[in-house]
Amino acid sequence: MAETKRTATLTLDGKTYDLPVLSPSVGPDVLDIRKLYAQADVFTFDPGFTSTAACESEITYIDGDKGELLYRGYPIEELAEKSHYLEVCYLLLNGELPTEKQMTDFEYRITRHTMLHEQIHMFFRGFRRDSHPMATMVGVVGAMSAFYHDSLDINDPWQREVAAMRMIAKLPTIAAMAYKYSIGQPFVYPRNDLDYAANFLHMCFSVPAEPYVVKPELAKAMDRIMMLHADHEQNASTSTVRLAGSSGANPFACVAAGIACLWGPAHGGANQACLEMLREIGSVDRIPEYIRRAKDKNDPFRLMGFGHRVYKNFDPRAKVMKESADEVLDLLGVHDNPILQVAKELERIALEDEYFVSKKLYPNVDFYSGIILEAMGFPTAMFTPIFALSRTVGWISQWKEMLGDPTGKIGRPRQLYTGKVQREYVPVPKR
């Protein structure tokens, strides 16, 4: 729990109000305004909640100025080098790294929850083939509450645990089925002999007509993508999950709400938007024109995948993702792909050009993850579903933490009303 070591004083119309100042374990202090409305009859105004802490959390910490991202206190770079996705899932869910026995048990439980109830397959056939996979995922994940009735009681710790296991295990299956359905291929069932990332690639790219062997390098790159997207503090989709959960909604509905929020191009769709920009540029010889346009404040064109709203320096996830991007491109030998040629040249310019360096517009994680997924053969429509299945563990961890918070209450943001004051209704003939 945060400690109160000092107070701040607010003076309003000659009256003073003492506001407790809460000190976190790391990061800026926080003014506690919970009693401000009751005491002073005023609200605070903070569009986007960019200066407001809506909860206490022990899960993820970001220092945007330093370019630092910690999962339960562990730097993301160290986890990416030494750990793997399912171990990070255990860490986020439980607060500590697992022992060998705990890890084995956790992997066993996840692996054996990957299959879906067979009747859920029917849901996919209700969608048009050209539906965006995210639309399919929102519907199917929300519908899981109609099948798994034994994990809907949010007040039962065991049912919360079962729901968490199911969602982490089944989201890759749902995402892969959404992809297979969109391209007219048969669904591929999960395999218990493959690890988490390799199993997802198997379900996306294998076909019944011939064997498919997952390249370890690609599985490693996919595992890193999942790990780097596992959680990111109180972002838009995580806040959406918490807000939905504050009403007592079941976990499947909460995660479906998070998926819907993640769909936006300003959030989870950023790497898709980045690839669409690269396709718009089209070839290396057109890059100077687009660089000029990016520098022109009056031109609506913006380079996607460069800079980050949170990180004022280099995105720490991008450093790790760049290594994987280089490895994947070397492995697949796709350097003749014009889109990837544009990406590599843009990367070179952004790291050297004084304009980008001075403004710290470095390539971010969306830029590199988009390159990797493109090289693997994923269509851009699948980028956000992959983000969603990766972030599910973060959403569930935050949801569980919220339910365990004794100070928690249903979310109810206030507003600064600027509409009409009370007026009389005028009958139609007199208007």
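A donor-acceptor contact shorter than 3.5 Å is absent between the side chain of H232 and the backbone of H229. With hydrogens and angles ignored, the 3.5 Å screen pairs a side-chain donor or acceptor of H202 with a backbone N or O of Y189. The backbone N or O of L152 sits less than 3.5 Å from a side-chain atom of Q159, completing a donor-acceptor pair. Although no hydrogens or angles enter the test, the distance criterion places a donor-acceptor pair under 3.5 Å between the side chain of N94 and the main chain of Y90. Side-chain atoms of N250 come within 3.5 Å of backbone N or O of F252 as a donor-acceptor pair. For the pair S247 (side chain) and L243 (backbone), a donor-acceptor distance under 3.5 Å is absent. For D223 (side chain) and H84 (main-chain N/O), no donor-acceptor pair under 3.5 Å exists by modelled atom type. S239 places no side-chain N or O within donor-acceptor distance of the main-chain N or O of A236, the cut-off being under 3.5 Å.
Between L19 atom CG and I33 atom CD1 the span is 8.0 Å, to the nearest 0.5 Å. Here the CG atom belonging to L201 is positioned 9.5 Å from the CG atom belonging to L194, to the nearest 0.5 angstrom. Rounding to the nearest 0.5 Å places CH2 of W395 at 9.0 Å from OG1 of T240. The line from CH2 of W263 to NE2 of H132 is 6.5 Å long, rounded to the nearest 0.5 Å. Summarising the geometry, atom CG belonging to D41 is positioned 10.0 Å from atom NZ belonging to K15; distances are rounded to the nearest 0.5 Å. Here CG of L97 is found 10.0 Å from CE of M103. Values are rounded to the nearest 0.5 Å.
In terms of heavy atoms, A294 sits closest to L303 at CB-CG, 3.9 Å. Considering every non-hydrogen atom in both F123 and A143, the closest pair reads CE2-CB, 3.4 Å. The nearest pair of heavy atoms linking I371 to A343 is CD1-CB, 3.6 Å. Nearest heavy atoms, Q398 versus E233: NE2-O, 4.2 Å. Listed here is the closest heavy atom pair of S237 and L262: OG-CD1, 3.9 Å. Counting all heavy atoms, side chain and backbone alike, A230 lies closest to Y85 at CB-CE1, 4.1 Å.
A salt bridge (Lys or Arg N to Asp or Glu O under 4.0 Å) check over residues 237-248, counting only residues at least two apart or in different chains, returns the pairs R242-E401. Applying the ring-ring contact (aromatic ring centres under 6.0 Å, His included) test to every pair with at least one member in residues 352-373, sequence neighbours left out, gives these pairs: F306-F367, F314-Y362. Listed by first and then second residue, the salt bridge (Lys or Arg N to Asp or Glu O under 4.0 Å) pairs involving residues 247-265 amount to none (not counting sequence neighbours). For the salt bridge (Lys or Arg N to Asp or Glu O under 4.0 Å) condition, the pairs that include at least one residue of residues 191-206, sequence neighbours left out, are R191-D193.
The environment of R414 atom CZ is dense: over 12 non-hydrogen atoms of other residues, nucleotides or ligands sit within 6.0 angstrom. Atom NZ of K295 has more than 12 neighbouring heavy atoms from other residues, nucleotides or ligands inside a 6.0 Å radius. Crowding of Y212 atom OH: a count of heavy atoms from other residues, nucleotides or ligands under 6.0 Å exceeding 12. Annotation for E352: atom CD counts as buried by contact number, over 12 foreign heavy atoms lying within 6.0 Å.
Checked for salt-bridge contact, K344 and D326 meet the test: a charged N lies under 4.0 Å from a carboxylate O. Between D32 and R34, at least one side-chain N (NZ, or NE/NH1/NH2) sits under 4.0 Å from a carboxylate O, which counts as a salt bridge. Using a 4.0 Å cut-off between charged side-chain N and carboxylate O, R112 and E107 make no salt bridge. A salt bridge does not link R292 with D299: every distance from a Lys NZ or Arg NE/NH1/NH2 to an Asp or Glu carboxylate oxygen is 4.0 Å or more. Ion pair D150/R166 flagged as a salt bridge, since at least one NZ, NE, NH1 or NH2 atom sits closer than 4.0 Å to an Asp/Glu carboxylate oxygen. No salt bridge links E77 with R317; every basic N to acidic carboxylate O contact stays at or beyond 4.0 Å.
T7 and D18 form no side-chain donor-acceptor contact under 3.5 Å, judged by distance and modelled atom types alone. One side chain, N235 or T238, offers a donor N or O that lies under 3.5 Å from an acceptor on the other. The closest side-chain donor-acceptor pair between T111 and N192, if any, does not fall under 3.5 angstrom.
Within the 6.0 Å centre-distance limit, the rings of F124 and F187 are counted as a close aromatic pair.
The side-chain heavy atoms of T380 and R279, taken from C-beta on, include a pair separated by under 4.5 Å. Looking at S324 and I372, their side chains come closer than 4.5 Å, going by heavy atoms from C-beta outward. Annotation: side chain of M304 is not in contact with side chain of D366 (no heavy-atom distance under 4.5 Å).
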Query raised in the report: Going through the distances and angles, do F378 and F205 end up as a ring-ring contact (aromatic ring centres under 6.0 Å, His included)?
Result: CA-CA 9 Å; F378 282 104; F205 294 121; 4.7 Å; yes
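For E78, the salt bridge (Lys or Arg N to Asp or Glu O under 4.0 Å) partners two or more places apart in sequence, or in a different chain, are K82. In this structure E217 satisfies the side-chain contact (heavy atoms from CB on, under 4.5 Å) test together with K215, L331, sequence neighbours excluded.
A perpendicular orientation is assigned to the rings of H267 and F387, their planes being inclined by more than 60° (bins at 30° and 60°).
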